[in-house]
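One-based numbering, in listed order, for ligands and for the atoms of each.
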Amino acid sequence: MKLIFLGPPGAGKGTLAARAVSILAVPHISTGNIFRAAIAARSPLGLKVKGILDSGALVDDESTIGLVRERLARADAQGGYILDGFPRTIPQAEALAAFSAVDRVVNFDIPDAAVLERLGGRRTCRNCGTNFHILFTRPQREGICDSCGGELYTREDDREGAIQKRLGVYREQTAPLIAFYRTRGLLVDVDARPAVDKVVENFTKALGL
Ligand code: AP5
């Protein structure tokens, strides 16, 4: 199954994708994770996008589309995928339609107040990217990733100013994708407000899994 996970920053797309890959047996492809890995590796792409990610703005469409086109051409994505964080603009959605036909677009619906609470308390593993939360999904050992033992840190774009910027960018550039995909009959709405297990249940029911 070829899926897009759509929703505001902090809706829980990455958390849900980590659970959904074991149900669907498809790769989780997160453009945010790809950019953060490039930054950690200090690659030319990473050097180019670091300031953009830290500020909460979007990377340019051309670079992002090229990256996703290459990633979807790999063997492991031929049977399906979960695209998390792409597309994020109408030009990205139009470009994607030209090189891959998605089956469903899952729209994770959540109010701004919950976004602020989730992102304000998020801690991310510097090594494997797994997300935790200081209240909702606490690691077993403070500051240490349960999955790989890596160090947990606060993303630069999870600071108050950057969160507000990301919400503004989402409203202006990404939210129009809801109507874009609804008119094409691809959109499935999932209430992302409950606890993770309940959202997984909502997701599997909505997709008839
Ligand atoms: P990206 O990494 O994609 O950021 P995002 O879309 O803002 O999404 P997040 O990772 O912040 O949130 P999420 O919805 O995955 O929530 P999570 O599961 O972590 O992109 C980062 C940046 O990269 C962008 O700002 C941009 O600069 C660039 N970029 C990426 N893609 C791009 C593109 N296509 N075009 C241009 N630029 C691009 O959950 C959040 C927290 O809540 C966690 O702590 C988690 O533990 C907790 N949580 C999750 N679910 C629940 C729940 N049900 N109940 C309680 N807590 C929960």
Query - Any N or O of Phe86 closer than 3.5 Å to N or O of ligand 1 - result: no

Query - Reported CG-to-CZ distance for the pair Asp157 and Arg166, which is rounded to 0.5 angstrom - result: 4.0 Å

Query raised in the report: What part of Phe108 sits under 4.0 Å from ligand 1 if we count only heavy atoms: the side chain, the backbone, both or neither?
Result: neither

Query raised in the report: Any Lys/Arg nitrogen of Asp76 or Arg71 sitting under 4.0 Å from an Asp/Glu carboxylate oxygen of the other?
Result: yes

Requested in this report: Give the residue and atom name of whichever protein heavy atom lies nearest to atom 22 (C) of ligand 1, and the separation in Å to one decimal.
Outcome: Leu53 CG, 3.7 Å

Report task. Among all protein heavy atoms, pick the one closest to atom 38 (C) of ligand 1 and tell me residue, atom and distance. Result -> Phe35 CE1, 3.7 Å

Report task. Assess Pro194 for proximity to ligand 1: is some non-hydrogen atom of it under 4.0 Å away? Result -> yes

Query raised in the report: Counting heavy atoms only, which of Arg88, Arg166, Arg19 is nearest atom 6 (O) of ligand 1?
Result: Arg88

**Report entry** Interatomic distance, Arg118 atom CZ to Thr137 atom OG1 [nearest 0.5 angstrom]
**Finding:** 9.5 Å

Report task. Please verify whether a non-hydrogen atom of Ala57 lies at under 4.0 Å from ligand 1. Result -> yes

Report task. Return yes when Gly10 approaches ligand 1 closer than 4.0 angstrom through a heavy atom, no otherwise. Result -> yes

Query raised in the report: Arg155 near ligand 1, heavy-atom distance under 4.0 Å?
Result: yes

**Report entry** Polar proximity ligand 1 side, Gly14 side, N/O cut 3.5 Å exclusive
**Finding:** yes

Query raised in the report: Quick one: side-chain hydrogen bond (donor to acceptor under 3.5 Å, both in side chains) pairs with a partner in residues 83-96, sequence neighbours left out?
Result: His28-Asp84, Asp61-Thr89, Asp61-Gln92

Query raised in the report: Is Phe203 close to Leu209 at the side-chain level, that is, under 4.5 Å between some pair of heavy atoms?
Result: yes

Query raised in the report: Would you find more than 12 non-hydrogen atoms of other residues, nucleotides or ligands less than 6.0 Å from Arg155 atom CZ?
Result: yes

Report task. Ignoring angles and geometry beyond distance, decide whether Gly85 reaches within less than 3.5 Å of ligand 1 through its nitrogen or oxygen atoms. Result -> yes

Query raised in the report: Roughly how far apart are Asp191 CG and Glu201 CD, rounded to 0.5 Å?
Result: 12.0 Å

Query raised in the report: So which heavy atom in the protein is nearest atom 19 (O) of ligand 1, and how far is it from that ligand atom?
Result: Arg122 NH1, 2.6 Å

Query raised in the report: Quick check: does Thr31 get an N/O under 3.5 Å from an N/O on ligand 1?
Result: yes

**Report entry** Contact partition for Thr64 relative to ligand 1, non-hydrogen atoms under 4.0 Å
**Finding:** side chain

Query raised in the report: Identify the closest protein heavy atom to atom 54 (N) of ligand 1: which residue and atom is it, and at what distance?
Result: Arg118 NH2, 3.4 Å

Query raised in the report: With the threshold set at 4.0 Å, does a side-chain nitrogen-carboxylate oxygen contact exist between Asp197 and Arg19?
Result: yes

**Report entry** Spacing of CG belonging to Asn127 relative to CG belonging to Leu152, to within rounding of 0.5 Å
**Finding:** 10.5 Å

Report summary line: For atom 8 (O) of ligand 1, the closest protein heavy atom turns out to be Lys13 NZ, 3.4 Å

Name the atoms and distances for all side-chain donor-acceptor pairs under 3.5 Å in residues 96-111, with sequence neighbours left out.
| residue | atom | partner | partner atom | Å |
| --- | --- | --- | --- | --- |
| Ser100 | OG | Tyr81 | OH | 2.7 |
| Asp103 | OD2 | Lys2 | N | 2.7 |
| Asn107 | ND2 | Asp189 | OD1 | 2.9 |

Query raised in the report: Quick one: does Arg36 get a heavy atom under 4.0 Å from ligand 1?
Result: yes

Query raised in the report: Looking only at protein heavy atoms, which one is nearest to atom 56 (N) of ligand 1, and how far off is it?
Result: Phe136 CD1, 3.3 Å

**Report entry** Proximity of Ala195 to ligand 1 by residue part, where a heavy atom lies under 4.0 Å
**Finding:** backbone

